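This report concerns only the one structure given below.
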There are 2 protein chains.
Amino acid sequence: MLSRGNGVALWRQIHSKMETEISSGGYGPGDRLPSENELSGRFGVNRHTIRRALAALEEDGLIRVEHGRGSFVREPVIHYPVSRRTRFSENLSRQRRRPGSILLMAVDIEADPMVAEALDIEPGAVVTRITNAGEADGRRISYAKSYFPRAQFPGMVRVYRETGSVTRTLRHFGIDDYSRKRTRIIARMPTVEEARELEQPKKRPVLITESVNVDARGVPVEFGICLFASDWVQILVEPSE
Amino acid sequence: MLSRGNGVALWRQIHSKMETEISSGGYGPGDRLPSENELSGRFGVNRHTIRRALAALEEDGLIRVEHGRGSFVREPVIHYPVSRRTRFSENLSRQRRRPGSILLMAVDIEADPMVAEALDIEPGAVVTRITNAGEADGRRISYAKSYFPRAQFPGMVRVYRETGSVTRTLRHFGIDDYSRKRTRIIARMPTVEEARELEQPKKRPVLITESVNVDARGVPVEFGICLFASDWVQILVEPSE
DNA sequence: CCTCATCAGTTGTATAGACAACCGAAGCTG
DNA sequence: CAGCTTCGGTTGTCTATACAACTGATGAGG
């Protein structure tokens, strides 16, 4: 059964044994595993060694351990296939309005240091923050916050409400052309609030783009942080010709 | 310092104390923490209690623990620019990081439909697949699979072993310059194997880039799928000049 | 100079025991 | 019957000890 002193730790052997037992269907989803005491007797090891193996299984997401109740096999995680067809594409090389944009909030606030640095203004200066969500095929796919320096665009909130688009709003203020300066792409787990806004499970990561748009003279006009549901969105980068 | 019997486990108190100490800069990136023995003396607890706290810090991605050496504070994020000319080691040395590349596997296989389409060859044609891991300052940051059409580059495996770099390998075959055609960026949770290769916690997402490199005439020479540890790598997209 | 063995210091594994915290069911009490 | 207590079984924490495995430096021997 287990072999001692062969270079493979006992808890690893137990972990791998139970792993195959679970994934091969020996224990079904929701089943309760034997108690730590029973397992330690069955494998002939100390209870702590069993606990080490169980901790690893929990980290793998195969089981969940409940205080005073026992260890239970988790429902198999839905593994979203990376199908190349069903994904929406966000093309960074193009400047186009995302369809299905929903205005969630528009307020004037003081710029925190990060926003201030991006827009090249003083921290604490007033900026207009517009929060909106993007939908496609009835599915929430993005959640974005855009920051505009208010000194440059007074009354932006009202204009945005009327026009409903960043491009048209900026044009109203005389900015006919603007371009993306640099985009930073990161991935992380969502906060509870972000997961709710994106209508996606908390365990799925989000793709985030942070970008600064500048006008023709190179002056920052918008700083945007956009969260994408990673299950549905891919980002494309194409070198411009 | 620590309070016993107040409902909060000792290891949690230690974990949170060390967490703030690290993020507040008490220990800098790359610094070695005191040994488990010293910490156990300092906090007045058993070594195993310290180990529990360190394990949690490691899961958080704040430290890494190395057998026989010690625990080290992880370093901050790395910026990985994606542009028409993207070269792994160039990117890193420009940020004064020490690049490293480890060849994990090199085999000739038949192209699956996805690879074939990307390289514009017949499905089933033989391609050379090179799997390697990228490092910066000794830390794993990427895990990549690169596909090359074998018809165009016979004996690629041997050449790659000798040169250890995509750029130098292609140069050996007369490709002096190549550029990135299109990059697709997605995010998802890693498989157990991917997390292991990236030496990152299983609950942290990975950033993935898929790109095709073409030679001066526009013929595909390489298709690459590169996984980045999202905790430590950000992708930068700059408008191409 | 290079190679190898050794050694102190470090983390990893395994064992053992004790008690706390929690859960659920069974039994008691009004 | 509702509410409460008790109790056995479970997981969580902490301590203690011992040894294995690994790392890096030091020094002996060629």
Side-chain angles (χ1 to χ4, degrees), chain A residues 1-19 22 27 30-74, chain B residues 1-18 22 27 30-74 100 135 137-140 196 199 201:
Chain A
M1 194 86 176
L2 300 185
S3 75
R4 299 175 104 98
N6 70 333
V8 181
L10 288 178
W11 73 263
R12 282 184 195 280
Q13 299 180 49
I14 294 169
H15 169 257
S16 118
K17 227 172 253 299
M18 298 186 73
E19 187 178 26
I22 289 171
Y27 295 102
D31 284 2
R32 183 170 164 280
L33 299 183
S35 78
E36 296 175 354
N37 261 318
E38 170 149 3
L39 286 172
S40 76
R42 208 182 282 185
F43 282 107
V45 300
N46 189 273
R47 184 182 147 218
H48 289 299
T49 308
I50 294 293
R51 279 179 67 74
R52 185 69 189 82
L54 290 179
L57 288 172
E58 184 168 30
E59 246 213 88
D60 294 341
L62 284 175
I63 66 171
R64 79 177 177 279
V65 183
E66 295 185 25
H67 193 173
R69 304 223 310 135
S71 307
F72 302 85
V73 177
R74 272 196 192 278
Chain B
M1 195 86 177
L2 300 184
S3 75
R4 298 177 106 99
N6 70 335
V8 181
L10 287 178
W11 73 262
R12 283 184 196 280
Q13 299 180 49
I14 294 169
H15 169 258
S16 119
K17 228 173 253 298
M18 299 186 72
I22 289 170
Y27 295 103
D31 283 1
R32 181 168 165 280
L33 298 185
S35 78
E36 296 176 352
N37 260 319
E38 171 150 1
L39 285 172
S40 75
R42 205 180 285 186
F43 282 106
V45 299
N46 190 271
R47 187 183 146 217
H48 287 300
T49 308
I50 295 292
R51 280 179 67 73
R52 186 69 189 82
L54 290 178
L57 287 172
E58 183 167 32
E59 250 213 85
D60 294 341
L62 282 176
I63 66 170
R64 69 173 189 283
V65 182
E66 296 185 24
H67 192 173
R69 302 222 313 135
S71 307
F72 301 85
V73 177
R74 282 199 185 276
E135 294 188 339
D137 298 338
R139 194 183 54 234
R140 269 317 151 83
R196 190 179 58 240
E199 292 168 7

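Below, chains carry the letters A, B, ... as their sequence lines are ordered, and counting in each starts from 1. It should be emphasised that the depicted structure is a prediction, and the values quoted were computed from it without experimental measurement.
Straight-line distance from the CD atom of A:Glu38 to the C1' atom of D:dT11: 15 Å, rounded to whole Å. Atom CD1 in B:Ile14 sits roughly 8 Å away from atom P in D:dT15 (whole-Å rounding). Atom-to-atom, CG of B:Asn46 to P of C:dT11 comes out at 14 Å; the value is rounded to the nearest Å. Atom-to-atom, CG of A:Asn6 to P of D:dA20 comes out at 15 Å; the value is rounded to the nearest Å. Between the CH2 atom of A:Trp11 and the C1' atom of C:dT11 there is a distance of 14 Å, given to the nearest Å. The CZ atom of B:Arg51 sits 17 Å away from the P atom of D:dA16 (whole-angstrom rounding). Note: CD (A:Glu66) to P (C:dC23) measures 9 Å, nearest angstrom. Atom C1' of nucleotide D:dT15 and atom CD1 of B:Ile50 are separated by 13 Å, given to the nearest angstrom.
Set against D:dA16, D:dA18, D:dC14, the side chain of B:Arg4 has D:dC14 as its closest nucleotide. Taking only side-chain atoms of A:His67, from C-beta outward, the nucleotide of D:dT11, C:dT11, C:dT13 with the closest atom is D:dT11. Taking every side-chain heavy atom of A:Val45 into account, C:dT15 is the closest of C:dG12, C:dT15, D:dG12. The nucleotide whose nearest atom lies closest to any side-chain atom of B:Arg32 is, among C:dT13, D:dG12, C:dT10, C:dT10. Residue B:Asn37 has its side chain nearest to C:dT11 when only C:dT11, D:dT13, D:dA16 are considered.
Without hydrogens or angle criteria, A:Arg69 side chain to A:Arg32 main chain gives no donor-acceptor distance under 3.5 Å. Looking only at distances, no side-chain donor or acceptor of A:Glu36 sits under 3.5 Å from a matching main-chain atom of A:Ile50.
Residues A:Glu19 and A:His15 meet the side-chain proximity criterion, which asks for heavy atoms closer than 4.5 Å. For the pair A:Ile22/A:Arg74, no side-chain contact is recorded, criterion being any heavy-atom separation below 4.5 Å from C-beta on.
Residue contacts shown for B:Arg52 are absent, as no nucleic acid heavy atom lies under 4.0 Å away.
Distances shown here put every side-chain N or O of A:Thr49 at or beyond 4.0 Å from the OP1 or OP2 atom of C:dT13. For the pair B:Arg69 and D:dG24, the criterion of a side-chain N or O lying under 4.0 Å from OP1 or OP2 is met.
Residue B:Ser3 comes nearest to B:Leu10 through the heavy atom pair O-CD2, 4.1 Å, listed as atom of the first residue, atom of the second, then distance.
Applying the 3.5 Å distance criterion, the base of C:dG17 shares a donor-acceptor pair with the side chain of A:His48. A:Arg47 contributes no side-chain N or O that forms a donor-acceptor pair with the base of C:dG17 under 3.5 Å.
Nearest-nucleotide positions on DNA chain C place B:Glu58 closer to the 5' end than the other of B:Glu58 and A:Gly68. Closest-nucleotide positions on DNA chain D for A:Gly7 and A:Leu33 were compared, and the one nearer the 5' end corresponds to A:Leu33.
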